[in-house]
Amino acid sequence: MKIAFVGKGGSGKTTLSSLFIRHLAAEGAPVVAVDADINQHLGAALGLDETEAAALPAMGEHLRLIKDYLRGANPRIASADTMIKTTPPGEGSRLLRVQEDNPVYDACARPVELDGGAVRLMVTGPFTDADLGVACYHSKTGAVELCLNHLVDGPGEYVVVDMTAGSDSFASGMFTRFDMTFLVAEPTRKGVSVYRQYKEYARDFGVALKVVGNKVQGTDDLDFLRAEAGDDLLVTVGHSDWVRAMEKGRPPRFAALEDSNRLALRTLREAADATYERRDWERYTRQMVQFHLKNAQSWGNERTGADLAAQVDPGFVLGESVTAGA
């Protein structure tokens with residue numbers, strides 16, 4: 001299951017995504033965690049120290065390897081140089097699976113040991129001094145989008161992505177790549193404004209969206225979120241001594257997490273798992289192609305010097321039964 005955590009800056013989405021990842025690992029589920037936020041804090045939230053987090057390989061620095069591997073023997077893609085972030089797979093492409101070893105994971109993923117198991121962590125990489133004033137952060141997240149386009153995951157497998165804050169996710173088609181999107185909202189006007197914006201943008205794309213109320217301190221906060229989010233409000237999370245200790249770098253065993261917050265995490269997993277029966281691989285593939293053609297026309301053809309529309313394999317539908325190319 002592919003799951004995104006979104007929300008305004010400071011809403012607590014990275015903290016909640018890290019708690020969800022810990023919850024899945026504690027229950028023995030295979031997990032690939034991805035930090036796609038411009039502020040790279042997921043590694044620290046999963047317990048890495050500053051040196052360990054800084055040493056994580058940036059996906060953007062391995063983009064050529066990612067493209068070469070995913071291209072496989074797809075005859076519609078002349079070279080890796082003609083692949084862009086939205087390039088869809090076709091006959092002969094290599095696909096990624098959650099529970100496998102491959103060159104992409106070897107180069108970009110690192111195991112993080114958590115209570116009850118380990119997860120694979122991948123990061124886009126932080127903005128550097130060389131990027132300032134000349135680079136768009138979405139060019140860094142392009143590696144994530146390309147991998148998601150080539151990912152085949154099944155029930156009980158999880159890819160959890162901590163997305164960039166606010167509505168920046170809509171600068172690409174990546175917002176349609178998930179089975180479930182959890183929008184973390186504080187009980188404030190600013191907190192719910194991102195929810196309204198996200199819901200409006202996602203309305204025509206069949207995006208499954210649920211609100212997770214964070215920093216909820218009483219019935220007034222709960223009533224406010226219910227009035228603003230209605231049925232989209234799935235669960236709320238309040239103060240956590242466990243999280244406070246984790247933010248100080250001294251997290252206790254995960255089993256010591258408060259019962260109310262453990263129940264909230266279980267509710268998140270149940271909501272994500274429930275989307276499996278509604279999966280529509282044809283719609284997923286169609287949206288992938290839609291955004292690729294849009295990007296090809298607006299900038300991709302000019303940048304690569306190729307007709308990127310020719311990369312679309314009209315008979316190909318991504319799905320769990322599809323086998324990877326050579």
Side-chain angles (χ1 to χ4, degrees), residues 3-26 31 33-47 114 158 160-169 175 178 180-202 207-249 251-252 254 256-272:
I3 300 163
F5 279 81
V6 301
K8 79 173 186 65
S11 64
K13 67 176 182 61
T14 297
T15 298
L16 282 174
S17 62
S18 71
L19 288 176
F20 186 62
I21 291 165
R22 289 176 183 271
H23 171 72
L24 295 174
V31 182
V34 183
D35 192 343
D37 194 353
I38 191 170
N39 298 306
Q40 300 270 281
H41 296 313
L42 184 58
L46 291 174
L114 299 172
Y158 299 88
V160 181
V161 182
D162 182 21
M163 299 280 280
T164 190
S167 57
D168 285 357
S169 305
F175 72 96
F178 301 99
M180 173 60 75
T181 296
F182 292 126
L183 191 144
V184 182
E186 300 169 85
T188 64
R189 290 168 60 187
K190 286 185 178 180
V192 299
S193 66
V194 173
Y195 157 69
R196 294 197 200 97
Q197 194 174 31
Y198 212 104
K199 186 176 179 67
E200 176 65 22
Y201 288 160
V207 172
L209 177 67
K210 289 295 181 181
V211 174
V212 182
N214 194 27
K215 305 177 185 178
V216 175
Q217 298 182 2
T219 56
D220 186 62
D221 287 348
L222 180 58
D223 290 343
F224 175 82
L225 288 173
R226 282 174 173 165
E228 297 295 331
D231 292 340
D232 286 340
L233 179 63
L234 177 66
V235 72
T236 62
V237 178
H239 173 77
S240 171
D241 290 334
W242 193 98
V243 170
R244 180 67 67 184
M246 181 267 289
E247 291 174 340
K248 293 176 181 177
F254 189 64
L257 183 70
E258 300 85 358
D259 289 342
S260 59
N261 291 327
R262 187 179 303 280
L263 178 60
L265 295 175
R266 188 176 303 120
T267 301
L268 297 186
R269 181 176 184 177
E270 290 172 352

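Fair warning: this is a prediction, and the values are worked out from it, not measured in the lab.
Summarising the geometry, atom CD belonging to Q40 is positioned 4.0 Å from atom CG belonging to D35; distances are rounded to the nearest 0.5 Å. Atom OG of S17 and atom NE2 of H41 lie 11.5 Å apart (nearest 0.5 Å). For the atom pair NE2 of H23 and CG of L268, the computed distance is 8.0 Å after rounding to the nearest 0.5 Å. For the atom pair CG of L19 and CG of L24, the computed distance is 11.0 Å after rounding to the nearest 0.5 Å. Here the CD1-CG distance, from I21 to L265, works out to 11.0 Å after rounding to the nearest 0.5 Å. The OG1 atom of T15 sits 5.0 Å away from atom CE of M246, with the distance rounded to the nearest 0.5 Å.
Taking the centre of each ring, F5 and F20 come in below the 6.0 Å mark.
Contact of the M163 side chain with the F178 side chain is registered, since non-hydrogen atoms from C-beta on lie closer than 4.5 Å. At least one side-chain heavy atom of L209 sits less than 4.5 Å from a side-chain heavy atom of Y195. Side-chain contact between V207 and F175 is present, with at least one heavy-atom pair separated by less than 4.5 Å. At least one side-chain heavy atom of V6 sits under 4.5 Å from a side-chain heavy atom of Y198. Looking at heavy atoms from C-beta onward, E258 lies out of side-chain contact with H239 at the 4.5 angstrom threshold. Annotation: side chain of L42 is not in contact with side chain of D37 (no heavy-atom distance under 4.5 Å).
Every residue meeting the side chain to side chain donor-acceptor pair (under 3.5 Å) condition with Y158, not counting sequence neighbours, appears here in chain and number order: R269, D273. Residues forming a side-chain contact (heavy atoms from CB on, under 4.5 Å) with A245 (at least two apart in sequence, or on another chain): P252. For the side-chain contact (heavy atoms from CB on, under 4.5 Å) test, residues two or more places apart in sequence or in another chain that qualify with K210 are M180, F182, L234. Residues forming a side chain to side chain donor-acceptor pair (under 3.5 Å) with D162 (at least two apart in sequence, or on another chain): K13, T14. Evaluation of the side chain to side chain donor-acceptor pair (under 3.5 Å) rule for E200 yields R203 as partners, not counting sequence neighbours.
N214 and G12 make their closest contact through ND2-CA, 3.7 Å (heavy atoms, listed as atom of the first residue, atom of the second, distance). Of all non-hydrogen atoms in L233 and G213, the two that sit nearest each other are CD1-N, 3.9 Å. Listed here is the closest heavy atom pair of V211 and A185: CG1-CB, 4.0 Å. T236 and A264 get closest at one heavy-atom pair: O-CB, 4.2 Å. Considering all non-hydrogen atoms of both residues, K190 and K8 come closest at O-CD, 3.8 Å.
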Residues 216-228, side-chain donor-acceptor partners within the protein, below 3.5 Å, at least two apart:
{"residue": "D221", "atom": "OD2", "partner": "Q217", "partner atom": "N", "Å": "3.0"}
{"residue": "E228", "atom": "OE1", "partner": "R196", "partner atom": "NH2", "Å": "2.5"}

